[in-house]
Amino acid sequence: GVRIQTERGHHVIDTGPYAIIRHPGYFAACLLFAGFALSLGSWWALIPAGLASLLLVLRTVWEDRTLHSELPGYAAYAQKVRFRLIPGVW
């Protein structure tokens, strides 16, 4: 699950890639999944890559819900940085 770790001082970051999308690490992971699949030279390898990417998309939905309700300042950040995972799209 997703939880805020207040003991670790979690707070909103809005600089660097976080100024463009809210989950840049997940975006990079999706690109890596596709890149690994293509590097294998098999179109079939895109199927598990797509499934893994779909799981990350679902995680961004769950994570955003938790962050909106539990992390101070996240709602304002989400209004400023509208895109969760794909710049200019979603």
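- By the rule that hydrophobic residues join a cluster once side-chain heavy atoms approach within less than 4.5 Å of another member, V57 and L55 end up as members of separate clusters.
- In terms of heavy atoms, A29 sits closest to L56 at CB-CD1, 3.5 Å.
- Only one option out of D14, D64, T60 pairs with R22 in a side chain to side chain donor-acceptor pair (under 3.5 Å); it is D64.
- Atoms CZ and CD, on R65 and E70 in that order, are 13.0 Å from each other to the nearest 0.5 Å.
- Taking 4.5 Å as the limit, some side-chain heavy atom of T15 sits within range of a side-chain heavy atom of I13.
- No path of Ile, Leu, Val, Met, Phe, Trp and Tyr side chains, each step under 4.5 Å between heavy atoms, connects V61 with L51, placing them in separate hydrophobic clusters.
- Side-chain contact between L38 and L46 is present, with heavy atoms from C-beta onward closer than 4.5 Å.
- Note that NE2 of H23 and CD1 of I86 are 12.0 Å apart. Values are rounded to the nearest 0.5 Å.
- S42 OG to I47 CD1: the interatomic distance, rounded to the nearest 0.5 Å, is 8.0 Å.
- The shortest non-hydrogen separation linking L85 to I21 is O-CD1, 3.4 Å.
- Smallest separation of non-hydrogen atoms from A49 and A34: CB-N, 4.2 Å.
- Both F83 and V89 are members of a single hydrophobic cluster when ILVMFWY side chains are connected at heavy-atom separations under 4.5 Å.
- When side chains are defined from C-beta on, F27 counts as touching P87, because their heavy atoms get closer than 4.5 Å.
- Contact record, V81 with I20: CG1-O, 3.5 Å, taken as the closest heavy-atom pair.
- When every heavy atom of Y18 is checked against every heavy atom of Y77, the shortest pair comes out as O-OH, 2.7 Å.
- Residue W44 is not grouped with residue F36 when hydrophobic side chains (ILVMFWY) are merged at heavy-atom distances under 4.5 angstrom, including chains of intermediate members.
- Between the side chain of Y26 and the main chain of R84, no donor-acceptor pair closer than 3.5 Å is present.
- Under the 4.5 Å side-chain criterion, counting only non-hydrogen atoms from C-beta, W62 is not in contact with T66.
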